[in-house]
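What you see below is based on every heavy atom in this structure, not just the backbone, and it leaves out hydrogens, waters and symmetry mates.
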Number of protein chains: 2
Amino acid sequence: MPSKTDRAGERPGAGCPIRGVLDRIGDQWSLLTLEALETEKKRFNELLREIGDISKQMLSKTLRHLEQDGYIRRTVYPEVPPRVEYELTELGRSFLIPMKALVGWAEQNHSEIIRSRLRHETE
Amino acid sequence: MPSKTDRAGERPGAGCPIRGVLDRIGDQWSLLTLEALETEKKRFNELLREIGDISKQMLSKTLRHLEQDGYIRRTVYPEVPPRVEYELTELGRSFLIPMKALVGWAEQNHSEIIRSRLRHETE
DNA sequence: CAGCATCCACATAGATACTG
DNA sequence: CAGTATCTATGTGGATGCTG
């Protein structure tokens, strides 16, 4: 059965690297997490509090994915109590540039989209 | 229970219009569908064939969402057999501009991300 | 503190069959 | 042709408790 990941490397132009890359960061939490790390490195529970409605589990998963893909770096300090810090890599920073443009577009056009939704709701 | 849509209008700056907008087009098919419509208007079964691994049901849902949000326009020609054409709106076109930048980033950094994934796999 | 394992509820996608 | 309805399988997220 063909699924998301199967297409990786299949067609050059169209829907192929895009899925592999964007499906990962297009999930519920990745973008929020990256943005939380934009200004400075942070610890696990800091991120947990800051993002607010994310669960420990999902934050954990998200961070590991982001680390796997190379967007963030995870540093463990061998102390007691343990301290782990997350920070953006260069790849992560470079990703945020086009992503921010998209976010800007979303902010600008948000109200128009909401209006469009309401229009189609009442019709 | 708080979910995606609950946050619409909650916080101004951070994760709010972004979710409302990007969650919709961040799904499996919306982007692919928009890109399929980039060059020219197309009919339902045309899109079905072109996207390839999408089901009729998902294409139908995706198209309706995109129409609701104002990215595409749906035109029904009262003929037999029925003909329905989908095309991008101005909003849809303007969205593709920052989105394309992101896609470009994904294409450029795809291989590095894949390498990063493999590295973390074998470790 | 950081984070994994387990369990559970719900959302989502595919397949299929049917309609105008 | 252009969908919609139903049914089901799988995935995904939340809550919680446990560990180093």
| request: Measure the spacing between CZ of Arg73(A) and CD of Glu85(A) and express it to the nearest 0.5 Å. | output: 12.0 Å
| query | Could you state the interatomic distance from OH (Tyr77(A)) to CZ (Arg43(A)), rounded to the nearest 0.5 Å? | reply | 10.0 Å
| request: For dA2(D), take OP1 and OP2 only and decide whether either is under 4.0 Å from a side-chain N or O of Arg43(B). | output: yes
| request: Please determine if a side-chain N or O atom of Arg83(B) lies less than 4.0 Å away from the OP1 or OP2 oxygen of dA2(D). | output: no
Given atom [atom1] of [X] and atom [atom2] of [N], what is their separation to the nearest angstrom?
X        : N       : atom1 : atom2 : value
Glu46(B) : dA2(D)  : CD    : C1'   : 13 Å
Arg24(B) : dA11(C) : CZ    : P     : 15 Å
Ile54(B) : dT12(C) : CD1   : P     : 15 Å
Asp27(A) : dG14(D) : CG    : C1'   : 15 Å
Leu48(B) : dA15(C) : CG    : P     : 11 Å
Lys42(A) : dC1(C)  : NZ    : C1'   : 18 Å
Leu59(A) : dG14(D) : CG    : P     : 11 Å
Met58(B) : dT16(C) : CE    : P     : 17 Å

| message | Tell me whether Ser30(B) contacts the main-chain N or O of Arg24(B) through its side chain, where contact means a donor paired with an acceptor under 3.5 Å. | response | yes
| request: Using a 4.0 Å heavy-atom cut-off, write out nucleotides 3-10 of chain D from 5' to 3' as B (base contacted by protein), S (sugar-phosphate only) or - (no contact). | output: BBBB----
| message | Checking contacts here: which listed nucleotide (dA2(C), dG14(C), dC1(D)) is nearest the side-chain heavy atoms of Trp29(B)? | response | dG14(C)
| query | Out of Leu63(B), Ile54(B), Leu32(B), which one pairs with Leu47(B) under the side chain to side chain contact (heavy atoms under 4.5 Å, CB included) rule? | reply | Leu63(B)
| field | Validation row: Tyr71(A), Ile25(A) side chains within 4.5 angstrom (heavy atoms) | value | yes
| task | For the residue pair Trp105(B) and Phe95(A), categorise the inter-ring angle as parallel (less than 30°), tilted (30 to 60°) or perpendicular (more than 60°). | result | perpendicular
| said: Using a 6.0 Å cut-off, check whether atom CD of Glu90(A) has over 12 heavy atoms from anything other than its own residue. | reply: no
